[in-house]
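Written below as structure tokens is the structure these notes are about.
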Amino acid sequence: MTPIKPVVLVPACHRTLGEHPFHVVGKKYIDAVRLAGCQPLVIPWAEEAEIPALLALADGVLLTGSPSNVHPSHFGEDVHNPALPLDPLRDSLTLPLIRQTLARGLPLFAICRGAQELNVALGGSLHQAVHEVDGHADHRPPEGAPAAQAYAPAHEVTVEPGGVLAQVLVEPRFSVNSVHGQAVNRLAPGVRVEARAPDGVVEAFSVASAPGFSLCVQWHPEWQAADNPQSVAMLRAFGQACQAWRDRHRG
């Protein structure tokens with residue numbers, strides 16, 4: 001009999017295609033969950049009261065990147081650029097989902113928007129336009145660039161010693177892609193910096209106070225993940241944590 005893989009919840013984004021609303025998740029994130037050795041389970045949307053029942057099915061949670069931004073009202077600010085997309089339905093699911101996931105001790109891996117969501121969910125804030133902050137670089141890809149160029153290595157990150165990322169990766173410095181206009185501003189309480197860009201922008205962090213595995217990255221490790229040794233190492237560490245959770249709680 002084929003072994004049952006750990007189940008990883010993947011919240012969807014909300015888009016209008018033509019005249020119809022859709023729940024969408026990029027295939028590259030689903031592929032990343034499978035590369036981690038897990039079974040993805042997409043959540044289209046749920047009310048906060050339904051989250052415990054969903055988490056009861058799960059051995060881990062992966063939060064994806066997205067073109068949309070977390071609504072700044074969640075960290076006490078007005079919208080800086082109304083032309084940029086928002087996804088309030090996703091916010092209404094992921095912010096309480098994050099808090100309940102961490103409290104339960106479930107493994108959590110968050111990418112780009114997902115990392116920003118976690119920081120906001122725990123009381124932190126974001127730079128809505130990091131390229132407008134003195135001393136910070138422009139972390140966006142060239143406008144209109146094809147995916148191969150947009151997701152090409154853009155800068156190095158330096159790993160902080162003694163953290164989750166330092167345990168998972170051998171290299172203290174390596175190159176990453178950069179496809180984000182927003183970034184962590186004020187770190188949430190209990191959040192530990194795991195890596196920074198050359199300009200000081202927080203590129204990875206974890207929740208030191210969480211009872212389970214947590215890793216949040218600002219870049220996109222899911223992009224051609226199977227060909228990237230750092231991506232493979234992070235996803236396998238997440239997958240191993242999900243398997244350990246399943247072994248402890250489901251036998």
Side-chain angles (χ1 to χ4, degrees), residues 3-12 25 29-30 32-43 45-65 70 74 90-124 159-160 162-169 184 187-195 202 204-218 221-222 233-251:
I4 297 175
K5 296 178 179 179
V7 173
V8 171
L9 302 185
V10 185
V25 173
Y29 298 106
I30 299 303
V33 171
R34 293 190 178 280
L35 184 60
C38 301
Q39 172 68 49
L41 178 60
V42 176
I43 309 173
W45 184 75
E47 295 180 355
E48 184 170 351
E50 297 170 325
I51 291 174
L54 291 170
L55 290 177
L57 304 172
D59 305 302
V61 173
L62 184 136
L63 301 173
T64 72
V70 179
H74 293 292
R90 171 165 164 158
D91 295 341
S92 69
L93 168 61
T94 55
L95 299 183
L97 175 69
I98 287 165
R99 292 187 284 265
Q100 294 189 40
T101 297
L102 293 172
R104 196 180 184 97
L106 277 165
L108 187 149
F109 190 69
I111 296 171
C112 199
R113 187 201 209 269
Q116 295 169 9
E117 286 171 328
L118 186 142
N119 191 54
V120 170
L122 299 187
V159 177
E160 297 284 331
V164 175
L165 205 54
Q167 295 174 24
V168 171
L169 303 179
V184 168
L187 278 167
V191 168
R192 170 198 167 93
V193 175
E194 296 280 345
V202 175
F205 55 93
S206 61
V207 183
S209 58
F213 176 96
S214 69
L215 182 60
C216 309
V217 297
Q218 185 57 75
E222 83 288 351
M234 288 186 290
L235 287 167
R236 285 183 176 167
F238 171 61
Q240 288 165 4
C242 294
Q243 183 64 59
W245 167 275
R246 183 174 187 87
D247 291 345
R248 287 196 308 273
H249 294 86
R250 305 188 197 283

Which atom names give the shortest non-hydrogen contact between [X] and [Y], and what distance separates them?
X: A204; Y: V217; value: CB-CG1, 4.0 Å
X: V25; Y: A12; value: CG2-CA, 3.6 Å
X: E222; Y: A32; value: CB-CB, 4.0 Å
X: A188; Y: G124; value: CB-N, 3.5 Å
X: F238; Y: A36; value: CD2-CB, 4.4 Å
X: A58; Y: L106; value: O-CD2, 3.4 Å

[atom1] of [X] to [atom2] of [Y]: how many Å apart, nearest 0.5 Å?
X: F109; Y: C242; atom1: CZ; atom2: SG; value: 10.5 Å
X: E117; Y: H74; atom1: CD; atom2: NE2; value: 9.5 Å
X: Q100; Y: I98; atom1: CD; atom2: CD1; value: 11.0 Å
X: I111; Y: L62; atom1: CD1; atom2: CG; value: 5.0 Å
X: L165; Y: S206; atom1: CG; atom2: OG; value: 9.0 Å
X: R104; Y: W245; atom1: CZ; atom2: CH2; value: 5.5 Å

Short side-chain to backbone donor-acceptor contact, [X] and [Y], under 3.5 Å:
X: E194; Y: V164; value: yes
X: N119; Y: L187; value: no
X: R99; Y: A121; value: yes

State, with a plain yes or no, whether a side-chain heavy atom of [X] is found less than 4.5 Å away from one of [Y].
X: W45; Y: S92; value: yes
X: P11; Y: R90; value: no
X: L93; Y: I51; value: yes
X: L102; Y: L118; value: yes
X: K5; Y: Q243; value: no

- [ ] Carefully, step by step, assess L97 and L55 under the rule side chain to side chain contact (heavy atoms under 4.5 Å, CB included).
- [x] CA-CA 9 Å; L97 175 69; L55 290 177; 3.7 Å; yes
- [ ] Please test D59 against V7 for side chain to side chain contact (heavy atoms under 4.5 Å, CB included), starting from the C-alpha separation and ending with a verdict.
- [x] CA-CA 5 Å; D59 305 302; V7 173; 3.9 Å; yes
Task: Audit row: L54, L41, side chain to side chain contact (heavy atoms under 4.5 Å, CB included) steps and yes/no - done: CA-CA 10 Å; L54 291 170; L41 178 60; 6.0 Å; no
Task: No-hydrogen, no-angle side-chain donor-acceptor test under 3.5 Å, R192 and S214 - done: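 No - no donor-acceptor pair under 3.5 Å links their side chains.
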Task: Trace of the salt bridge (Lys or Arg N to Asp or Glu O under 4.0 Å) decision for D91 with R113 - done: CA-CA 10 Å; D91 295 341; R113 187 201 209 269; 3.0 Å; yes
TODO: Carefully, step by step, assess Q39 and I4 under the rule side chain to side chain contact (heavy atoms under 4.5 Å, CB included).
DONE: CA-CA 9 Å; Q39 172 68 49; I4 297 175; over 6 Å; no
